[in-house]
Amino acid sequence: MPSTAKPYDAIVLGAGAAGLMCAARAGQRGLKVAVLEKAEKPGKKILISGGGRCNFTNIEAGPENYLSANPHFAKSALARYTPQDLIDLVEKHGIAWHEKTVGQLFCDGSAKQIVQMLLDECPDDLVEVICNAEVTAVERDVGRFAVMASGEVYIAPNLVIATGGPSIPKMGATGFAYDLARQFGLKVVEPRPALVPLTLGGEDVLFRELSGVSAPVVARTGKTSFDEAALFTHKGLSGPSILQISSYWRHGEEIGITFLPQADADWLLDLKRDKPRATVRSALREHLPDRLADALAEKLGIDRELGNVPDKALRTAGARLADWRFAPTGTEGFAKAEVTIGGISTAELSSRTMEAEKVPGLYAIGEAVDVTGWLGGYNFQWAWASGVACAEALSA
Ligand code: FDA
């Protein structure tokens, strides 16, 4: 190790949600911590999150809201640092908040308050958050890690990988966590974009003309479904229900959309009886935006008075509206993905401490790990909970 190396008890790589929470809690336990951040300021993803108001947790967050090769992995950390713990912290800092969509908690003011809260939680004399420090190399020697960052060398017996995943590369996000994990012989579950818009082509390309139209739907793939809004875009489909389903969707699969979630199976037959002069188009326009109603009516190919349409055709149309099949051609990729699925394999880590079982002193937390939450504050809750679990396990 070079003689100019700066010694710490722990080095945290990345000043995002997970890294800052971990550093704050470790500092409060009396550990001397360096947080190395390549950006010019900490918490950049927090700042843009939730439209600038940061959806900082979800009061319903539980292990069932996360995807991972090992669905049990997140249980321990999530149980030990709960949404209520985060609410208590937010309130301790006088940050006003509100519940938006069910369970989703946002700042009334600005996401900046969450970053400031995390920085204020870091004891000044023990935690140094060092920005413009891009980590380029890490070495391990006799139980100590040496970290090279922007011309400086930092050393510590504990190293925490908190550099996130590659979603939104234009913000500087990279797969650095995975490179580092592989360097130390840890497996990485193949990363792919999640909470991401889906693209449409082929038969479905006409729907792209509906760009800007949204409607409440149920989106489904396999046994998983989400009852939220969908939005048509100039590339395909987005909106909360689609972002949610994208995390479960695999290339080559279809997704199913229920356009009128509240409608009975035979609603068109009932309408034929009550209003035989109505058309499918006029019936759909009662419940859906006009442009969407028109496109669906056209695709169904029975745009005449219901009284003149055979019952069988109406039953078929009703069934199609209840499970409209789309065959996405892909996703909009990491450039538009809110998070990354996959990452450092949970099989390599202790679910209690986040420490790599084969590399004592090496930890991984937050989005870098193969634990991915639903849309709605779940990903930050994982960042907080995994950060705390790690901080409590670090030793000087
Ligand atoms: P995060 O990515 O936050 O932090 C990693 C840090 O490491 C970054 O600051 C990066 O610069 C740094 N870094 C990377 N490589 C480095 C290197 N080589 N050297 C030094 N530093 C390095 N979630 C949620 O729960 N509620 C929400 O409202 C939103 N909203 C939202 C909006 C948008 C647009 C996006 C893209 C994402 C969200 N998310 C979200 C997801 C959430 O932002 C994400 O899950 C967490 O930020 C993950 O926290 P981490 O600390 O793990 O990584």
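Both ligands and their constituent atoms are indexed starting at 1 by order of listing.
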Out of Glu338, Gln381, Lys38, Glu37, whose heavy atom sits nearest atom 37 (C) of ligand 1?
Glu338
Candidate with minimal heavy-atom separation from atom 46 (C) of ligand 1, of Trp384, Trp374, Phe380
Phe380
Return all side-chain donor-acceptor pairs below 3.5 angstrom for residues 18-28, not counting sequence neighbours, or 'none' if the list is empty.
residue : atom : partner : partner atom : Å
Arg25   : NH2  : Glu392  : OE2          : 3.0
Gln28   : NE2  : Glu121  : O            : 2.9
Gln28   : NE2  : Glu121  : OE1          : 2.7

In terms of ring plane angle, is the pair Trp374 and Tyr378 parallel, tilted or perpendicular, where the classes change at 30° and 60°?
perpendicular
Parallel, tilted or perpendicular: which fits the ring planes of Trp267 and His287, with parallel below 30° and perpendicular above 60°?
perpendicular
For residues 170-181, which side-chain N or O atoms pair as donor and acceptor with protein atoms under 3.5 Å away, sequence neighbours left out?
residue : atom : partner : partner atom : Å
Thr174  : OG1  : Phe176  : N            : 3.2

If you measure every N or O of Glu367 against every N or O of ligand 1, does any of those distances drop under 3.5 Å?
yes
Just heavy atoms, cut-off under 4.0 Å: does Ala162 contact ligand 1 by side chain, backbone, both, or neither?
backbone
Ligand 1 versus Thr163: contacting region, heavy-atom distance under 4.0 Å:
both
So does Ser49 get a backbone contact from the side chain of Glu338, meaning a donor-acceptor N/O pair under 3.5 Å?
no
Minimum-distance protein heavy atom relative to atom 26 (N) of ligand 1:
Asn55 O, 2.9 Å
Tell me: protein heavy atom nearest atom 2 (O) of ligand 1, and distance?
Lys45 CD, 3.7 Å
What atoms in ligand 1 come closer than 4.0 Å to a heavy atom of Gly50?
28 (O), 30 (N)
Within 4.0 Å of some non-hydrogen atom of Ala133, the atoms of ligand 1 are 19 (N), 20 (C)
